[in-house]
Every structure is written in C-alpha cells, then in structure tokens.
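This report concerns only the one structure given below.
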Amino acid sequence: SAGGTVTVLHRTTAASRVPDLARQLAEDFHHVPLSTVSEAVTRATEGIDLGSRDPDGVLALVERRARHDLESLRHAC
C-alpha cells in the first residue's frame with residue numbers, strides 16, 4: 001500500500017431522514033399528540049422503499065402522506 005486514504009461515502013437514505021421529518025411534523029402540528037404524529041409517519045412509510053435511490057422523492061412522498069393524514073385530523077376536531 002502506498003499509504004493512501006480510503007474515502008467511505010455514506011449514502012443518505014430516506015429512512016435515515018424520517019426521524020427529522022417526524023420532528024418537523026410534530027412542530028408543525030403541535031396541537032396533535034406526539035403519538036398520533038408518530039403513527040401518521042409510520043402509516044405514511046408503509047409500502048414505500050425507504051432505501052430507494054431517490055431519497056428526496058421518497059421523503060417528499062412520506063411527508064405528503066403524513067401531512068394529509070394530520071390535516072384530516074385537524075379538520076375532524
């Protein structure tokens with residue numbers, strides 16, 4: 001070995017960003033119980049490949065689904 005360095009690239013996945021999304025939604029929907037926000041995010045991820053090569057697109061879809069769910073709750077109250 002010539003003493004070179006090895007660079008390890010960490011690919012950001014949608015799964016690694018879901019907790020940040022959940023925190024943001026909890027702030028945006030502060031009137032909704034935290035457990036309900038968590039459940040909405042969990043439901044929003046169902047059937048989605050969180051390891052997709054398009055993490056931004058996947059995360060946007062999860063956010064849209066969760067926001068829709070949470071907005072429905074807001075209007076039901």
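This one's a predicted model, so the numbers in the text were calculated from it and none came from an experiment.
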Task: Value rounded to 0.5 Å, distance of OG1 in Thr13 from CG in Asp54 - done: 12.5 Å
Task: CD on Gln24 to CG on Leu21, rounded to 0.5 Å - done: 8.0 Å
- [ ] Dump the intermediate steps for side chain to side chain contact (heavy atoms under 4.5 Å, CB included) on Thr45 and Arg65, then the final yes or no.
- [x] CA-CA 8 Å; Thr45 63; Arg65 286 178 167 187; over 6 Å; no
Task: Close side-chain approach of Val58 and Asp49, heavy atoms under 4.5 Å - done: no
TODO: Measure the shortest side-chain to side-chain distance between Leu50 and Leu59 over non-hydrogen atoms and say whether it is less than 4.5 angstrom.
DONE: no
Task: Non-hydrogen atoms of Ala44 and Ala66 that approach each other most closely - done: CB-N, 3.7 Å
Tabulate below the donor-acceptor pairs under 3.5 Å that side-chain atoms of residues 31-43 make, not counting sequence neighbours, or state none.
{"residue": "Thr42", "atom": "OG1", "partner": "Ser38", "partner atom": "O", "Å": "3.0"}
{"residue": "Arg43", "atom": "NE", "partner": "Asp69", "partner atom": "OD2", "Å": "3.0"}
{"residue": "Arg43", "atom": "NH2", "partner": "Asp69", "partner atom": "OD2", "Å": "2.5"}

Task: Set of salt bridge (Lys or Arg N to Asp or Glu O under 4.0 Å) partners for Arg17, sequence neighbours left out - done: Asp56
Task: salt bridge (Lys or Arg N to Asp or Glu O under 4.0 Å) involving Asp28 - partner list, sequence neighbours excluded - done: Arg67
Task: Test item: Ser52 side-chain N/O and Pro55 main-chain N/O as donor-acceptor pair under 3.5 Å - done: no
